[in-house]
Amino acid sequence: DLVSTLESSAYNIYSAIFEDSFSNSSGLRAEYYRGGYHLWTDSPIFGVGVAHIGDGLSQLYTDGIIRVLTDNLHSEYLTMLVGGGIFGLALYCMFLISFWGFFQSQTDIKLTLGFSLDVKFVGRGIILVIAIFSLFNSTFNDFGEKQLLFFILPFLLCATKLKGHH
């Protein structure tokens with residue numbers, strides 16, 4: 001149930017922060033983020049280059065700075081920050097914001113049988129999914145079926161709208 005899931009998540013986060021545990025998803029992500037932070041401090045303005053993140057993390061593991069070997073920071077924002085520095089993160093955020101603005105001006109597309117596609121709703125839904133998933137996943141690095149299902153969700157919600165019932 002929801003309460004036990006929240007309790008378990010809270011314990012995992014507590015363990016990761018206060019007990020320095022990396023035996024659960026929260027702890028693993030804390031290790032990845034710590035590794036990303038160490039790499040970012042090497043080149044905060046322009047980054048180390050996206051192609052060099054895996055090598056950098058491997059070196060941090062070899063040096064004992066992180067305890068889990070990975071080539072993925074599991075956060076698109078952190079990947080952009082480490083790979084491209086402040087400029088890379090700013091460009092990624094501008095990318096999301098520009099698409100959000102683009103979809104703001106879109107109108108419905110009329111389909112058959114009285115259905116219409118609310119392009120503004122669907123487009124902004126997809127951008128919102130990307131923005132949220134980017135917090136905890138490398139959206140473009142490890143795109144999977146979960147992300148695909150969430151990308152489809154705005155289309156499915158929109159498809160339920162009948163013509164004239166907005």
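Positions are given from 1, in the same order as the sequence printed here. Just so we're clear, the structure is a prediction, and the values are computed from it rather than from any experiment.
- Under the 4.5 Å side-chain contact rule for hydrophobic residues, L39 and L69 share a cluster.
- In terms of modelled atom types and a separation under 3.5 Å, the side chain of E31 and the main chain of R67 share a donor-acceptor contact.
- Cluster membership check: I65 shares its hydrophobic cluster with I53, using side-chain heavy-atom separations under 4.5 Å among Ile, Leu, Val, Met, Phe, Trp and Tyr.
- Between the CG atom in L60 and the OH atom in Y37 there is a gap of 12.5 Å [rounded to 0.5 Å].
- Here the side chain of N72 pairs a donor or acceptor atom with the backbone of H74 at under 3.5 angstrom.
- Residues I126 and F121 are not in side-chain contact: their nearest non-hydrogen atoms beyond the backbone lie 4.5 Å or more apart.
- Taken to the nearest 0.5 Å, the CG atom of L57 stands 10.5 Å off from the OG1 atom of T62.
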(request) Test side-chain contact (heavy atoms from CB on, under 4.5 Å) on V48 and V82 and set out the steps. (result) CA-CA 6 Å; V48 299; V82 172; 3.9 Å; yes
(request) For W100 and L128, run side-chain contact (heavy atoms from CB on, under 4.5 Å): C-alpha distance rounded to whole Å, both residues' side-chain angles, the deciding distance at 0.1 Å, then the answer. (result) CA-CA 8 Å; W100 183 269; L128 188 59; 4.2 Å; yes
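- Follow the hydrophobic side-chain contacts under 4.5 Å out from F136 and you reach I132 in the same cluster.
- With hydrogens and angles ignored, the 3.5 Å screen pairs a side-chain donor or acceptor of S98 with a backbone N or O of M94.
- S134 and Y92 are linked by a side-chain donor-acceptor pair at a separation below 3.5 angstrom, with hydrogens and angles left out of the test.
- Between S75 and Y33 the shortest heavy-atom distance is CB-CE2, 3.9 Å.
- Residues I97 and L89 are members of separate hydrophobic clusters, defined by side-chain heavy-atom contacts under 4.5 angstrom among Ile, Leu, Val, Met, Phe, Trp and Tyr.
- Side-chain contact between Y61 and V68 is absent, with no heavy-atom pair separated by less than 4.5 Å.
- Note: L78 CG to E76 CD = 10.0 Å, rounded to the nearest 0.5 Å.
- Hydrophobic clustering of Ile, Leu, Val, Met, Phe, Trp and Tyr side chains at less than 4.5 Å, counting indirect connections, unites I130 with F95.
- When only modelled atom types and interatomic distance are considered, Q59 and D55 share no side-chain donor-acceptor pair under 3.5 Å.
- Between the CG atom in L73 and the OH atom in Y32 there is a gap of 10.0 Å [rounded to 0.5 Å].
- Note that the CZ atom of R29 and the CG atom of L135 stand 10.5 Å from one another [nearest 0.5 Å].
- Note that OH of Y77 and CG of L96 are 5.0 Å apart. Values are rounded to the nearest 0.5 Å.
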